[in-house]
Amino acid sequence: MSTHITLHRPALAELPALEALYTASFPPEERRPWDMVAAGGDTPCLLCISAPDEPHAGLVSLWRFPQFTYIEHLCTAHALRGRGLGGAVLAALRAEGRPLLLEVEHPQGPDSMEQRRIDFYRRNGFGVLDYPYIQPPYAPGLPEVPLLLMCTDTRIDAAGAARVLHSFVYNSPEPGEKP
């Protein structure tokens, strides 16, 4: 099934709907403060996902680095899940020509939501990187989160990619290093 989507920078009036979707889709320890997401810019970049008759079908926040594009957050409206929107977004981003990199939770079982998410990304050309990755806290008082890195190019230097994420996305040293 081919799904037509457009990706665009949201207008100011679209931000409340996107904030509600963002807050409902990600737990606090996996969320950047909304004002930082909504600030937009080139890096990080917030894009609204629109589909026919669905102006706020979802959102994607990403960071474009020379060696890869990091997808920090990708979500679609709950009522629209399973319609191919996420796959269409990933295809549009892959067409930019850089490998796509993202973080996912460790699976909690063979039928868990985490495993279904990993399977979705695998169907869209991603592979799990063999690297012991820890997401730094987004804010003081929040925990580090052990996650998996997935990439559309599994030959990527996972340790180097993690250093880029820690330095630029999280403004944090590698785990075990002093700030």
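In terms of heavy-atom proximity, Pro28 sits nearest to Leu142 at O-CD1, 3.7 Å. Residues Ile156 and Ala161 share a closest heavy-atom pair of CD1-CB, 4.5 Å. The shortest non-hydrogen separation linking Phe26 to Cys75 is CE1-SG, 3.9 Å. When all heavy atoms of Gly58 and Leu21 are compared, the pair lying nearest together is CA-CD2, 3.5 Å. Here the shortest heavy-atom pairing between Leu47 and Cys45 reads CD2-SG, 3.7 Å. For the pair Ala79 and Arg83, the tightest heavy-atom approach, listed with the atom from each and the gap, is O-NH2, 3.6 Å.
Contacts classified as side-chain hydrogen bond (donor to acceptor under 3.5 Å, both in side chains) and involving residues 90-105 (residues at least two apart or in different chains) are given here: Arg64-Glu96, Tyr70-Glu103, Glu103-Tyr133, Glu103-Tyr170, Glu105-Arg117.
From Leu101, atom CG reaches atom CH2 of Trp63 across 13.5 Å, with rounding to the nearest 0.5 Å. We find the NE2-OG distance between His73 and Ser61 to be 5.5 Å, quoted to the nearest 0.5 Å. If you take CG on Leu100 and CG on Leu62, they are separated by 9.0 Å, rounding to the nearest 0.5 Å. Taking CG of Leu18 as the start and OG of Ser25 as the end, the distance is 10.5 Å to the nearest 0.5 Å. For the atom pair CD1 of Ile71 and CZ of Phe126, the computed distance is 4.5 Å after rounding to the nearest 0.5 Å. Expressed to the nearest 0.5 Å, how far CD of Glu54 lies from CG of Leu80 amounts to 4.5 Å.
In this structure His56 satisfies the ring-ring contact (aromatic ring centres under 6.0 Å, His included) test with no other residue, sequence neighbours excluded.
Residues Val60 and Tyr22 do not share a hydrophobic cluster, clusters being chains of Ile/Leu/Val/Met/Phe/Trp/Tyr side chains in contact below 4.5 Å. When the side chains of ILVMFWY residues are joined at heavy-atom separations under 4.5 Å, either directly or via intervening members, Leu12 and Val37 end up in a single hydrophobic cluster. Linking ILVMFWY residues whenever their side-chain heavy atoms come closer than 4.5 Å, directly or via other members, leaves Val104 and Val145 in distinct clusters. No single ILVMFWY cluster, assembled from side-chain heavy atoms under 4.5 Å apart, contains both Met36 and Val169. Phe68 is connected to Leu129 through a chain of hydrophobic side-chain contacts under 4.5 Å among Ile, Leu, Val, Met, Phe, Trp and Tyr, so both are in one cluster.
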(request) Please lay out, stage by stage, how Leu7 and Ile49 fare under the test side chain to side chain contact (heavy atoms under 4.5 Å, CB included). (result) CA-CA 5 Å; Leu7 298 173; Ile49 303 165; 3.7 Å; yes

(message) Could you walk me through whether Leu59 and Leu46 satisfy the side chain to side chain contact (heavy atoms under 4.5 Å, CB included) test, starting with their C-alpha distance in whole Å, then the side-chain angles of each, then the deciding distance to 0.1 Å, before giving a yes or no?
(response) CA-CA 7 Å; Leu59 68 86; Leu46 174 65; 4.1 Å; yes

(request) Kindly indicate, with the supporting measurements, whether the criterion side chain to side chain contact (heavy atoms under 4.5 Å, CB included) is fulfilled by Val128 and Arg122. (result) CA-CA 8 Å; Val128 175; Arg122 281 190 171 130; 3.5 Å; yes

(request) Show your reasoning for whether side chain to side chain contact (heavy atoms under 4.5 Å, CB included) applies to Leu90 and Tyr121. (result) CA-CA 9 Å; Leu90 295 173; Tyr121 287 119; 3.8 Å; yes

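Checked by atom type, the side-chain pair Asp119/Gln115 shows a donor-acceptor distance below 3.5 Å. The closest side-chain donor-acceptor pair between His166 and Gln135, if any, does not fall under 3.5 angstrom.
By the neighbour-count criterion of 12 heavy atoms within 6.0 Å, atom CG of Asn171 is sparsely surrounded, having that number or fewer from other residues, nucleotides or ligands.
The closest side-chain heavy-atom distance from Leu102 to Leu149 is not below 4.5 Å. For the pair Glu29 and Pro137, the minimum side-chain heavy-atom distance is 4.5 Å or more.
Note: Phe65 and Phe168 have tilted aromatic rings, judged against thresholds of 30 and 60 degrees for the angle between ring planes.
No donor-acceptor pair under 3.5 Å is formed between the side chain of Arg9 and the backbone N or O of Cys48.
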